[in-house]
Amino acid sequence: LGSATLTGDVRIAIKDKIKAFSSEAFFDRVKNKVSVPSHVRIKNNRMEIEGDVFEGNIDTQVFTILRNVSTVIQSKED
């Protein structure tokens with residue numbers, strides 16, 4: 001498998017507690033990159049980031065949302 005196109009209720013686990021949700025995603029195994037050409041929502045227990053056009057490198061763990069970004073961060077519970 002060199003690449004995959006996913007459509008529907010796509011869920012991507014970025015790290016242990018971080019998940020990304022979208023209606024479509026593309027995975028390139030050769031470059032070890034994931035991309036979402038549409039709206040994406042990234043969430044963990046303290047934050048939620050939404051935006052359009054997501055790109056990420058699995059090796060470096062660097063992920064970028066390119067447009068219409070909004071972020072909500074909740075304070076840490078004691």
Side-chain angles (χ1 to χ4, degrees):
L1 178 70
S3 64
T5 300
L6 309 168
T7 58
D9 185 17
V10 179
R11 297 164 188 246
I12 302 167
I14 298 173
K15 284 194 171 188
D16 292 340
K17 297 181 181 181
I18 301 174
K19 307 284 188 266
F21 305 89
S22 186
S23 62
E24 59 185 327
F26 303 101
F27 174 67
D28 184 329
R29 185 175 182 186
V30 175
K31 295 179 181 177
N32 214 18
K33 293 187 176 184
V34 63
S35 62
V36 174
S38 56
H39 190 78
V40 64
R41 181 171 52 98
I42 300 171
K43 188 174 181 178
N44 74 5
N45 61 343
R46 291 189 52 222
M47 69 164 193
E48 186 168 330
I49 304 169
E50 292 190 65
D52 300 322
V53 187
F54 170 84
E55 298 175 347
N57 183 304
I58 307 297
D59 293 326
T60 63
Q61 294 288 296
V62 174
F63 302 95
T64 306
I65 298 175
L66 300 174
R67 294 190 205 115
N68 304 318
V69 179
S70 66
T71 304
V72 175
I73 299 173
Q74 297 177 354
S75 62
K76 186 175 180 179
E77 296 179 13
D78 294 323

Could you see if Ile73 belongs to whatever hydrophobic cluster contains Ile18? Use Ile, Leu, Val, Met, Phe, Trp, Tyr and a side-chain cutoff under 4.5 Å. yes
Out of Ile49, Val40, Thr64, which one pairs with Val69 under the side chain to side chain contact (heavy atoms under 4.5 Å, CB included) rule? Ile49
Looking only at heavy atoms, which two atoms of Ile65 and Gly51 are closest? And how far apart? CG2-CA, 3.6 Å
Do Leu6 and Ile58 sit in the same hydrophobic cluster, where Ile, Leu, Val, Met, Phe, Trp and Tyr count as joined when their side-chain heavy atoms come under 4.5 Å apart? yes
Given side chains that start at C-beta, do those of Glu50 and Arg41 come closer than 4.5 Å, heavy atoms only? yes
May I have the step-by-step check of side chain to side chain contact (heavy atoms under 4.5 Å, CB included) for Glu48 and Lys43, ending in yes or no? CA-CA 4 Å; Glu48 186 168 330; Lys43 188 174 181 178; 3.9 Å; yes
Heavy-atom pair of closest approach, residues Lys17 and Asn44: O-CB, 3.1 Å
Would you indicate whether Lys31, at its atom NZ, is surrounded by more than 12 heavy atoms from other residues, nucleotides or ligands within a distance under 6.0 Å? no
Taking all non-hydrogen atoms of both residues, which atom of Lys33 and which atom of Asn57 are closest, and how far apart? CE-ND2, 3.6 Å
Under a 4.5 Å cut-off applied to non-hydrogen side-chain atoms, are Ser70 and Asn68 in contact? no
With side chains defined as the heavy atoms from C-beta onward, is the minimum distance between Ile12 and Phe27 less than 4.5 Å? no
Measure across Gly56 and Phe63 and return the closest heavy-atom pair with its distance rounded to 0.1 Å. CA-CD2, 3.3 Å
Donor-acceptor pair, Ser22 side chain versus Glu24 backbone, under 3.5 Å? yes
